Amino acid sequence: MTRARIVGTGLIGTSIGLALRAAGWQVSLQDPSPTAAALARDLGAGTIDDETPDVVVVAAPPDVAARVVAEQLERWPGAAVTDVASVKGAIASGVAALAGPGSVERYVGSHPMAGRERSGAVAGRPDLFEGRAWVVVPTPRSAPEAVDAVRALAAAARGEVVVMTADEHDAAVAAVSHVPQVMATLTAARLRDRDEHAVGLAGQGLRDVTRIAASDPQLWTQILAGNAAGVREVLLDVQEDLAAALDALAALADEASTSGADDGPHGERRGEHANALGGRYAPAPGAPGARAVLARLLDDGNRGRALVPGKHGGAPTAYDVVTVVIPDEPGSLGRLFAEVGDAGINIEDLHLEHAVGHPVALAEVSVLPAASDRLRDHLRSTGWRIH
Ligand SMILES: NC(=O)c1ccc[n+]([C@@H]2O[C@H](COP(=O)([O-])OP(=O)(O)OC[C@H]3O[C@@H](n4cnc5c(N)ncnc54)[C@H](O)[C@@H]3O)[C@@H](O)[C@H]2O)c1
Ligand SMILES: O=C(O)C(=O)C[C@]1(C(=O)O)C=C[C@@H](O)C=C1
């Protein structure tokens with residue numbers, strides 16, 4: 001049986017421990033915080049002991065990861081050692097500089113592309129990595145047996161193994177993880193000065209875009225600093241698009257303020273003007289091209305979104321959403337789950353919305369399109385209100 005040692009038992013370390021235990025591996029746990037280690041143990045992620053490992057997983061914050069990898073290489077001379085930090089080039093350089101002679105061959109970087117906006121062992125989940133890419137990042141000096149050991153670890157935790165160089169990894173995650181975090185953060189930051197009534201109007205769009213804005217600032221400062229050049233490169237392109245959007249919006253705002261200048265009290269002349277141009281939405285001459293710029297930016301977004309893979313790295317799966325009204329009281333959600341289970345239908349995703357000032361919530365249940373009509377019929381026939 002394979003024995004793993006996990007050093008750093010927060011969200012990711014605990015989740016890896018839980019996943020490996022479920023796969024039948026033995027797991028030892030270590031963390032400088034005795035409480036973090038004990039909590040991971042109590043949650044079932046492993047045991048606290050000094051058994052000799054076959055593979056060590058360093059799941060510590062990025063700014064200490066290289067040092068901890070070097071310590072583990074020295075402490076366990078027969079083990080492959082990996083880290084799971086979200087940046088790879090900086091850690092590999094650190095390990096190369098710190099690792100003792102004859103040990104750097106046992107180091108292979110890795111990065112599971114799954115996580116949560118919460119930290120610590122209590123947020124750990126055994127199924128966190130299921131069907132998600134797990135990037136294995138050998139260095140030019142990594143021994144093939146060490147690469148195999150890290151591939152086996154990722155597969156045992158149910159990740160989908162992808163092998164990349166550190167440079168390829170860092171450039172890719174700048175676009176697919178690090179800049180998305182920055183954009184979510186900047187979007188959420190704009191809400192701070194709005195009053196609670198305005199923010200209370202938030203629908204699913206804002207929730208979709210800002211979930212990861214709740215992530216740990218200390219961890220993300222380290223991640224962004226560790227991939228600064230790659231993140232900056234993508235943000236420069238974002239800056240260009242933002243500049244184009246701002247110019248287009250300025251032209252449209254200007255058009256709106258000038259075209260309304262000699263309207264009658266009900267805006268009659270403005271309507272006449274638009275009709276004369278061939279339709280309600282015909283562009284006024286004040287902002288030539290501005291709408292095309294916005295449409296191009298929005299279309300680029302559609303094209304990018306269409307490339308995002310669904311579960312297991314396959315083609316995007318379009319789920320149907322069945323929106324169910326549930327009383328905002330204990331037990332409602334449990335009854336709904338039981339009802340969906342009785343219909344023999346799998347819930348692919350779930351969002352809960354609380355309508356401001358109403359004693360009900362909306363449960364948005366995502367199911368495969370083929371099952372949605374059957375689910376609606378079943379729920380209606382058992383007394384649920386469907387939107
Ligand atoms: N959070 C995510 O979504 C995510 C996803 C993939 C990878 N990662 C990477 O995983 C690593 C851990 O992130 P997390 O979200 O689990 O953070 P976390 O804050 O939940 O856990 C970090 C743990 O590391 C411990 N630690 C601190 N210094 C240490 C040291 N010197 N030696 C050993 N352990 C130490 C802490 O006590 C804590 O228990 C980071 O490198 C991060 O980049 C995070
Ligand atoms: O889904 C989340 O909450 C994440 O933070 C996951 C996410 C990501 O960007 O996909 C974040 C950082 C990690 O390095 C890997 C995964």
Side-chain angles (χ1 to χ4, degrees), residues 5-19 28-41 43 45-46 48 56-72 75 81-91 94 98 109-125 127-137 154 157 159 162 169-170 172-185 207-227 230-231 234 308-309 313 349:
R5 183 172 191 84
I6 293 174
V7 184
T9 56
L11 165 71
I12 298 299
T14 300
S15 299
I16 295 173
L18 292 169
S28 307
L29 304 168
Q30 175 185 331
D31 196 289
S33 156
T35 309
L39 198 50
R41 178 200 57 203
L43 291 167
I48 299 176
V56 179
V57 184
V58 173
D63 65 348
V64 297
R67 183 169 54 73
V68 179
V69 166
E71 288 164 6
Q72 296 296 315
R75 181 172 179 193
V81 178
T82 191
D83 72 294
V84 291
S86 311
V87 295
K88 292 276 66 89
I91 311 286
L98 296 169
S110 73
H111 182 198
M113 290 307 300
R116 299 187 68 185
E117 68 283 11
R118 298 173 55 199
S119 301
V122 280
R125 290 191 344 209
D127 60 352
L128 191 64
F129 311 107
E130 200 157 310
R132 301 286 176 192
W134 187 312
V135 194
V136 173
V137 186
V162 180
H169 167 274
D170 287 357
V173 295
V176 306
S177 177
H178 301 171
V179 166
Q181 174 65 49
V182 173
M183 304 305 286
T185 296
R207 289 180 175 84
D208 286 349
V209 168
T210 60
R211 176 182 64 82
I212 54 176
S215 297
D216 179 4
Q218 196 171 321
L219 171 64
W220 275 95
T221 303
Q222 294 179 33
I223 294 173
L224 297 178
N227 196 15
V231 174
V234 181
V308 179
D349 204 354

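It should be emphasised that the depicted structure is a prediction, and the values quoted were computed from it without experimental measurement. Read the numbers this way: they start at 1 and go in the same order the structure lists the ligands and their atoms.
Shown here are the salt bridge (Lys or Arg N to Asp or Glu O under 4.0 Å) partners of R75, two or more places apart in sequence or in another chain: D50.
Under a 4.0 Å criterion applied to the non-hydrogen atoms of S119, ligand 1 contributes the atoms 19 (O), 20 (O).
A114 counts as a contact of ligand 1, since one of its heavy atoms falls under 4.0 Å from the ligand. Proximity of A65 to ligand 1 is not established, as no heavy-atom distance is less than 4.0 Å.
The proximity of A114 to ligand 2, defined as any non-hydrogen pair under 4.0 Å, is limited to the backbone.
Protein heavy atom closest to atom 13 (C) of ligand 2, with residue, atom name and distance, is H111 NE2, 3.5 Å. Ranking protein heavy atoms by distance to atom 42 (C) of ligand 1, first place goes to S86 OG, 3.6 Å.
Residue-to-ligand polar distances keep S215 apart from ligand 2: every N/O pair is separated by 3.5 Å or more.
Comparing S215, G10, P61 against atom 24 (O) of ligand 1, the shortest heavy-atom distance belongs to P61. When the heavy atoms of D31, L128, V68 are ranked by distance to atom 38 (C) of ligand 1, first place goes to D31. For atom 18 (P) of ligand 1, the nearest non-hydrogen atom from the set G8, A40, G120, P62 belongs to G120.
Using a 4.0 Å cut-off between charged nitrogen and carboxylate oxygen, D216 and R118 do not count as a salt-bridge pair.
Side-chain contact annotation: S177 with Q181, donor-acceptor N/O pair under 3.5 Å absent.
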